[in-house]
**Student:** 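Structure provided below as structure tokens; questions to follow.
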Amino acid sequence: MKKRELINLGIPPGNATKVAFKAIAAARAAGLDVAQMRSQITALAANPMLFRDDALFGELARALSPDRNSLAPFVPRDEPAPYKQWGRDLEPAAVTQLINACSLPITARGALMPDAHPGYGLPIGGVLATRDAVIPYAVGVDIACRVKLSVFDLPASAIETRAGKLAALLEEETRFGIGASFKQRRVHDVMDEDWSLIPLTQQLKDKAWSQLGTSGSGNHFVEFGTVQLGEATLGLAPGSYLALLSHSGSRGSGATIAAHFSQLAMAQHKQLPSALKHLAWLSLQSAEGQEYWQAMELMGEYAAANHACIHRYIRERLGAQTLLDIENHHNFAWREEHDGESLIVHRKGATPAGVGVLGVIPGSMASPTYVVRGKGSVDALDSAAHGAGRVMSRTAAKQRFTLKQLKCALEKGRVTLLSAGLDEAPMVYKDIDAVMAAQNDLVEPLAAFHPRIVKMAPGNEPPED
């Protein structure tokens, strides 16, 4: 059968057509002839609920008939699922968003980090554990956004003695902003992975390759700085080292996947009130849920590859060796054991911080970034903040601050800024040391990175964070 015939039999174009072809292959293997299959598909299209448990056509029937739970009116819990927050004076809107997320029937519990501020659906800095369901907007638009730190075998004094060389490397070996790419494509094994997992990732493969090794706009950055290590810290000899820090994610490919599956989830849960529509979920028992999960994990590998390319190409040009590298995702979902059950833990702008897990928590372009070791807080679902957190919107920042104020802040921190917008000025972020103090039961600081040469997207770029 061809796609046009399936449409004529009542199967709508889109995901259902793909599922129909799988069912046809199974039916053919089971011995059904074309006439029998046409009869079954016609009857199924007319009343898919009757075929939801059929051995051959059940998946197709479920694709055509929403789950009974998604058809029912939304009834919030009598009480939200339990949650705990860290930090004082968090924006009320961020707290409300977490409470809303904890009202979902799929939620087990949540946590709010001290860098929290409002986002779509789940707040930035929100952690949410669900049962057998994934919420695309609780993962985030920039799937697998990530931070990576490399410590090189060069003294910290190189930031002064080789400043011109280091600045030139950032200009030549990084690209920022929507659509950014390299004329000569970067090379990484991630492009040898199976991008045909689902049709959408197959379609995005070439775009992903063109953007491999690039960085987004918004709060994404690549910067040189210094790290001071004490005795036996992180397995390196005491001293001051030159280091490279980057923050970026899965670029345009991740954003496209997020938008596609978010729309699918919202279409399945039209009964959600407007305040909750961005919390629409996909069951991991559904074809759509499994497809999203596979795409999300591929984007995790791709985001890691972006950072690997950035650090490798700069290191090779620098002629240095990497003594230590530490990296971690945020904007991701993990299947983990908590409270004696298997849960899906969404960390949207939150860092994994299980017992002994190393992580990187950035400040601003003029404040320290901390290398941390997780303490494994049960209440925080093994999580910590992912950065300093904004205190105002981008629009407010542009209206409030001037280039002169930005210049003064950078001079105070001895920071050379190659490019960025006013909406990323240090003043728009919380005090990173106050954030760290508010989560001293979540992580142990091990070392501090101090930025000195910073590159971000130009100020006229729309934000992708």
Side-chain angles (χ1 to χ4, degrees), residues 69-70 74-88 90-140 265 269 272-273 275-285 289 292-293 296 328-357 359 361 374-386 389 435 438-443:
N69 290 332
S70 68
F74 175 70
V75 179
R77 297 165 175 264
D78 292 334
E79 294 289 338
Y83 70 91
K84 184 174 178 180
Q85 71 180 58
W86 278 257
R88 298 179 179 177
L90 298 182
E91 288 186 63
V95 178
T96 297
Q97 285 186 322
L98 184 70
I99 294 172
N100 286 342
C102 287
S103 74
L104 300 176
I106 58 169
T107 300
R109 59 189 178 88
L112 196 59
M113 300 296 101
D115 60 336
H117 55 280
Y120 285 105
L122 194 67
I124 312 302
V127 182
L128 195 73
T130 59
R131 294 184 174 95
D132 210 28
V134 63
I135 304 172
Y137 265 121
V139 168
H269 296 281
L272 288 174
L276 304 184
K277 71 176 185 178
H278 290 117
L279 292 167
W281 63 90
L282 297 169
S283 166
L284 287 174
Q285 298 300 315
Y292 174 78
W293 193 265
M296 179 195 71
N328 57 259
H329 283 335
H330 43 264
N331 288 15
F332 209 68
W334 291 260
R335 186 178 288 278
E336 298 177 356
E337 294 289 326
H338 294 277
D339 305 325
E341 63 178 317
S342 177
L343 298 173
I344 304 302
V345 179
H346 305 71
R347 294 187 177 92
K348 185 178 183 181
T351 300
V355 176
V357 173
I361 302 178
K375 295 185 177 181
S377 167
V378 172
D379 289 338
L381 291 157
D382 291 347
S383 307
H386 86 309
V435 170
Q439 59 177 1
N440 60 12
D441 57 333
L442 306 184
V443 291

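In this chain, numbering begins with 1 at the start of the sequence shown.
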**Student:** With no hydrogens and no angle check, is any side-chain donor or acceptor of His338 less than 3.5 Å from a backbone partner on Leu343?
**Tutor:** no
**Student:** Donor-acceptor pair, Thr130 side chain versus Ile106 backbone, under 3.5 Å?
**Tutor:** no
**Student:** Can you give me the closest heavy-atom contact between Met113 and Ala350, atom names plus distance?
**Tutor:** CG-CB, 4.1 Å
**Student:** When you measure from the side chain of Gln285 to the backbone N and O of Asp132, does any donor-acceptor pair fall under 3.5 Å?
**Tutor:** no
**Student:** Measuring from Leu442:CG to Lys375:NZ, what's the distance to the nearest 0.5 Å?
**Tutor:** 8.0 Å
**Student:** Measure from the side-chain N and O atoms of Glu336 to the backbone N and O of Val345, and report whether any donor-acceptor pair falls under 3.5 Å.
**Tutor:** no
**Student:** Verify, without hydrogens or angle tests, whether Ser103 (side chain) and Pro80 (backbone) share a donor-acceptor contact under 3.5 angstrom.
**Tutor:** no
**Student:** Quick check: does any side chain N or O of Lys84 sit under 3.5 Å from a backbone N or O of Ala380, one acting as donor and the other as acceptor?
**Tutor:** no
**Student:** Examine distances only and state if a side-chain atom of Lys348 and a backbone atom of Tyr120 form a donor-acceptor pair shorter than 3.5 Å.
**Tutor:** yes
**Student:** Given side chains that start at C-beta, do those of Trp86 and Asp379 come closer than 4.5 Å, heavy atoms only?
**Tutor:** yes
**Student:** Heavy-atom count around Glu337 CD within 6.0 Å, excluding the residue itself: above 12?
**Tutor:** yes
**Student:** State, yes or no, whether a side-chain contact exists between Asp382 and Arg347 at a heavy-atom distance under 4.5 Å.
**Tutor:** yes
**Student:** To the nearest 0.5 Å, what is the distance between CG on Leu90 and OG1 on Thr96?
**Tutor:** 11.0 Å
**Student:** Could you measure the distance from the CG atom of Leu128 to the CG atom of Leu381? Nearest 0.5 Å is fine.
**Tutor:** 8.5 Å
**Student:** Hey, mind stepping through His346 and Val134 against side-chain contact (heavy atoms from CB on, under 4.5 Å) and telling me if it holds?
**Tutor:** CA-CA 8 Å; His346 305 71; Val134 63; 3.7 Å; yes
**Student:** Is there a donor-acceptor pair closer than 3.5 Å between any side-chain N or O of Arg77 and the backbone N or O of Cys102?
**Tutor:** yes
**Student:** For residues Leu104 and Ile135, determine if any side-chain heavy atom of one lies less than 4.5 Å from a side-chain heavy atom of the other.
**Tutor:** yes
**Student:** Does Asp115 use its side chain to pair, donor to acceptor, with the backbone of Gly125 at less than 3.5 Å?
**Tutor:** no
**Student:** How many angstroms lie between atom CD of Gln439 and atom CD1 of Ile361, to the nearest 0.5 angstrom?
**Tutor:** 4.5 Å
**Student:** First locate atom CG of Leu279, then atom NZ of Lys277, and finally report the distance between them rounded to the nearest 0.5 Å.
**Tutor:** 11.5 Å
**Student:** Flag the pair Trp281 / Thr107 as yes when at least one side-chain heavy-atom distance between them is below 4.5 Å, and no otherwise.
**Tutor:** no
